[in-house]
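Some notes on the structure that comes next.
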Amino acid sequence: MIDAMVNTGSSALDGHAASRVGEARPLTSERSGAGRRASRSDRFSAAVSDLLRLAGGSVFAFLVAVAYLFWRTAWGATDAGATDTAIATALVLAPAPVWSAWLLAAAIDSGATPGQSRHGLAIRTLGDAGRRARIGRFAAHPLRLPVWLWLAALAFLGGAGLLSWIFAVTALLIGLAGLGSAILIAVGRRPFHDLIARTTVEERP
């Protein structure tokens with residue numbers, strides 16, 4: 001419909017359409033200056049692709065931590081010391097922040113996470129915030145749940161009980177928002193993290 005309005009050359013209708021750019025629209029139908037909004041299946045596939053990278057890194061880190069403990073305890077003949085336990089714990093917890101930093105760097109640099117790039121998608125800001133909008137979207141995205149849980153665990157291990165609770169509650173809110181976002185995407189609307197950051201995910205032109 002928007003394309004038809006543009007073709008008529010009606011300035012009144014063009015102004016009306018421009019005032020509605022930020023509204024939630026069906027993900028599979030609206031076109032913008034950059035491309036068509038991503039379909040539900042493409043967004044889901046991109047998210048799974050990013051999560052598989054975290055899963056692979058987590059399995060690898062776990063195996064390295066186990067091998068390290070076996071080596072330090074003579075294959076289980078002795079008990080692991082406090083330092084060795086701390087190192088093994090750090091190895092197990094390391095994939096979440098590394099994965100998160102990698103996705104954030106990719107989103108800022110190329111406008112898409114590795115999973116989104118693989119499926120021909122890109123993040124577009126609806127305002128002029130640009131990089132700030134991508135960072136805000138990144139922090140509120142449900143895929144950041146492992147990172148908030150990692151922060152909560154790190155604060156707990158460091159003895160910062162209050163900070164640990166803050167991170168844990170934030171993780172809970174992110175998880176609940178993720179469930180709501182899944183419903184919004186299922187009915188063809190922009191999810192909460194896109195609404196908060198004023199962004200959308202589109203097919204690359």
Side-chain angles (χ1 to χ4, degrees), residues 22-24 27 38 40 43-62 64-65 82-83 85-109 111-116 121 123-127 129-201:
E23 292 187 7
L27 294 177
R40 292 185 294 271
R43 291 183 71 126
F44 177 77
S45 298
V48 170
S49 181
D50 284 331
L51 282 174
L52 286 176
R53 288 171 167 83
L54 173 60
S58 298
V59 170
F60 177 75
F62 176 77
V64 171
T83 301
T85 301
I87 292 175
T89 301
L91 286 171
V92 172
L93 294 177
V98 172
W99 170 77
S100 181
W102 177 39
L103 263 60
L104 177 59
I108 292 176
D109 181 59
T113 67
Q116 290 168 341
L121 307 179
I123 303 168
R124 187 176 71 86
T125 57
L126 300 179
R131 179 173 297 184
R132 293 193 304 275
R134 293 190 182 122
I135 295 175
R137 181 185 189 276
F138 184 85
H141 198 287
L143 289 188
R144 301 296 84 74
L145 180 59
V147 178
W148 289 109
L149 291 174
W150 173 81
L151 289 172
L154 195 65
F156 177 79
L157 293 174
L162 178 59
L163 191 59
S164 176
W165 274 106
I166 292 175
F167 288 141
V169 171
T170 301
L172 176 62
L173 294 176
I174 293 293
L176 293 175
L179 293 176
S181 293
I183 295 174
L184 289 175
I185 293 176
V187 298
R189 301 292 180 175
R190 286 162 57 210
F192 286 126
H193 48 276
D194 277 335
L195 293 173
I196 292 172
R198 297 190 65 210
T199 57
T200 185
V201 177

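What you see below is based on every heavy atom in this structure, not just the backbone, and it leaves out hydrogens, waters and symmetry mates. Here the structure is a predicted model, which is why all the values come from computation and not from measurement. We number each residue from 1, following the sequence as shown.
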Worksheet item: CZ of R190 to CG of L195: how many Å apart, nearest 0.5 Å?
Response: 5.0 Å
Practice prompt. Locate the shortest heavy-atom distance separating A96 from W150; write the atom from each residue and the value.
Written response: CB-CB, 4.1 Å
Worksheet item: Taking side chain as C-beta onward, heavy atoms only, is L103 less than 4.5 Å from S100?
Response: no
Practice prompt. Would you mind reporting whether F138 and I123 have side-chain heavy atoms less than 4.5 Å apart?
Written response: no
Worksheet entry | Side chain to side chain, W102 and V98, heavy atoms closer than 4.5 Å | no
Discussion item. Given 3.5 Å as the limit, does a donor-acceptor pair link the side chain of T170 with the main chain of I166, or not?
Written reply: yes
Worksheet item: Within the distance-only criterion (no hydrogens, no angle test), does the side chain of W99 pair as donor or acceptor with the backbone N or O of L51 below 3.5 angstrom?
Response: no
Fill in: Contact summary for L145 and G175, nearest pair of heavy atoms
CD1-N, 4.4 Å
Worksheet entry | Close side-chain approach of R198 to T125, heavy-atom, < 4.5 Å | no
Fill in: T85 backbone acceptor or donor facing T89 side chain under 3.5 Å
yes
Worksheet, complete the sentence: Residues A168 and A152: closest non-hydrogen pair is N-CB, 3.8 Å
Practice prompt. Drop me the distance from L162's CG to F167's CZ, to the nearest 0.5 angstrom.
Written response: 10.0 Å
Worksheet, complete the sentence: Distance col, row D50:CG vs S45:OG, nearest 0.5 angstrom, shows 11.0 Å
Worksheet item: In Å, rounded to the nearest 0.5 Å, how long is the span from CG of L149 to CG of L172?
Response: 9.5 Å
Discussion item. Quick check for you: to the nearest 0.5 Å, what is the distance between R144 atom CZ and I174 atom CD1?
Written reply: 9.5 Å
Practice prompt. Indicate the atoms forming the closest heavy-atom contact of S181 with H193, along with that distance.
Written response: OG-ND1, 3.8 Å
Worksheet item: Shortest non-hydrogen contact from P95 to G57?
Response: CG-O, 3.6 Å
Discussion item. Quick check: do I108 and L104 have side-chain heavy atoms less than 4.5 Å from each other?
Written reply: yes
Worksheet item: When you measure from the side chain of S164 to the backbone N and O of A155, does any donor-acceptor pair fall under 3.5 Å?
Response: no
Practice prompt. Indicate yes or no: at least one non-hydrogen side-chain atom of L93 is less than 4.5 angstrom from one of L157.
Written response: yes
Discussion item. Please find the pair of heavy atoms, one from A38 and one from R43, that lie closest to each other, and give the distance.
Written reply: CB-CG, 3.8 Å
Item to complete: Would you give the length of the straight line joining atom NE2 of H141 to atom OG1 of T199, rounded to the nearest 0.5 angstrom?
Response: 9.0 Å
